[in-house]
There are 2 protein chains.
Amino acid sequence: MKNDIAEILKRNQLSVTESRAKILELFHESRSALAHADIENKTDESYDRVTIYRTLQTFVEKGIIHTIPTADNSVLYALCKDECTQGKHNDNHVHFICDICGTTYCLDHITVPEINLPKGFTPHCTDVVASGICKNCK
Amino acid sequence: MKNDIAEILKRNQLSVTESRAKILELFHESRSALAHADIENKTDESYDRVTIYRTLQTFVEKGIIHTIPTADNSVLYALCKDECTQGKHNDNHVHFICDICGTTYCLDHITVPEINLPKGFTPHCTDVVASGICKNCK
DNA sequence: AAAATATTTGCAACAAAGTTGCATACTGTT
DNA sequence: AACAGTATGCAACTTTGTTGCAAATATTTT
């Protein structure tokens with residue numbers, strides 16, 4: 001597992017550092033999306049805030065993780081599907097935010113239906129954010 | 001028009017003040033969603049930041065405007081459809097963010113298709129955020 | 001129409017979130 | 001093992017959002 005993580009970093013031309021490996025591992029362990037604060041907590045604040053910001057930014061640029069739109073201000077991150085590469089995100093998928101526990105799920109396997117946009121609008125990426133009650137809270 | 005604005009405020013049990021009327025007018029004039037900063041600019045900074053924050057919050061609570069989820073941190077607001085009332089938003093509609101000019105459109109008349117969620121997930125509200133090229137930038 | 005009451009505004013101070021420059025520490029390479 | 005290149009942590013700063021309170025404005029009552 002440790003090796004897998006290092007592999008992913010190398011494949012993306014990133015040097016393998018403790019913080020990057022640890023943060024990437026967190027995403028692989030977690031079934032739900034993570035916020036900056038979650039990462040600070042789950043790493044016992046061993047890394048500087050700035051390092052976490054920069055790591056997340058790097059991962060997004062490399063197509064390893066993506067941001068999830070949320071109605072409240074907060075920024076969430078989740079692993080990308082394999083097809084994402086640097087500069088090209090293919091994250092047309094469905095996100096589900098639980099109103100009760102707040103957990104955000106990235107439902108990769110659910111496909112986003114075709115949306116009929118008005119004339120003149122050309123979509124490039126479509127995100128669906130559903131909220132309600134998740135399987136653990138019902 | 002001025003009267004219309006005052007009417008809307010009164011209908012929502014809000015006292016009619018200059019800042020509220022002006023901000024609500026801005027939303028009615030604008031075909032696209034507005035951020036806090038847009039409002040500061042369009043009002044020539046005549047109102048305190050705090051007043052704008054509180055006004056937006058009040059409008060959201062009353063069901064006059066709603067927030068739009070965006071992948072980058074920013075918070076956007078747009079007018080609600082008539083069916084929204086205090087505490088109950090019916091904003092299951094499609095938002096479109098232009099990658100070029102950044103304008104965010106609220107496509108009220110486009111309906112959100114049914115999404116097949118996994119077993120155990122009960123949706124309560126579904127937002128679609130499409131991004132791409134808008135009619136003015138193509 | 002003026003006084004009384006209730007609400008809103010703006011200021012100041014604060015808290016949280018995110019960014020930048022730079023010296024130090026670490027990683028990968030020769 | 002030494003070197004070059006990159007990442008990290010610190011400090012300082014900016015931006016964004018919040019709270020308490022006195023002054024100002026809106027609404028209600030007389």
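Keep in mind that this is a model prediction, so the values were computed, not measured. All chains are named by letter (A, B, ...) in the order of the sequence lines, taking the proteins before the strands, and each is independently numbered beginning at 1.
For A:E45 and D:dG9, the CD to P distance is 13 Å, given to the nearest whole Å. Taking atom CD1 of B:I23 as the reference point, atom P of C:dT8 lies 13 Å away to the nearest angstrom. Atom-to-atom, CD of A:E61 to P of D:dT6 comes out at 14 Å; the value is rounded to the nearest Å. Computed from coordinates, the B:D48 CG to C:dA13 C1' distance equals 13 Å when rounded to whole Å. As a whole-Å value, the separation of A:K10 NZ from C:dG28 C1' is 10 Å. Between the CG atom of B:L14 and the C1' atom of C:dT8 there is a distance of 11 Å, rounded to whole Å. Whole-Å rounding puts the B:E40 CD to C:dT9 C1' distance at 15 Å. Residue B:I52 contributes atom CD1, which lies 14 Å from atom P of D:dT18 at whole-angstrom precision.
Ring geometry, A:H36 versus A:Y53: the interplanar angle falls under 30°, so the pair is classed parallel (tilted spans 30 to 60°). Using a 30° and 60° split on the angle between ring planes, B:Y105 and A:F121 fall in the perpendicular class, above 60°.
Listed pair A:T17 / D:dT8 meets the phosphate criterion, a side-chain N or O lying under 4.0 Å from OP1 or OP2. For D:dG9, the OP1/OP2 oxygens have a side-chain nitrogen or oxygen of A:T51 closer than 4.0 Å.
Within 6.0 Å of CG in B:N116 there are 12 or fewer heavy atoms belonging to other residues, nucleotides or ligands. A:D48 CG: more than 12 foreign heavy atoms inside a 6.0 Å radius.
Remark: side-chain polar atoms of B:N12 are not paired, donor with acceptor, to backbone N or O of B:L9 under 3.5 angstrom.
Here the straight-line distance linking atom SG of A:C80 with atom CZ of A:F27 works out to 10.0 Å at 0.5 Å rounding.
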Fill in the blank from the handout: Heavy-atom contacts, protein to nucleotides 17-25 of chain C, under 4.0 Å, summarised as B (base), S (sugar-phosphate only) or - (none) per nt, yield SBBBB----
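Distance from the side chain of B:R20 is smallest to C:dT8 among D:dT8, C:dT8, C:dG10.
A:Y47 and A:E18 form a side-chain donor-acceptor contact under 3.5 Å, judged by distance and modelled atom types alone.
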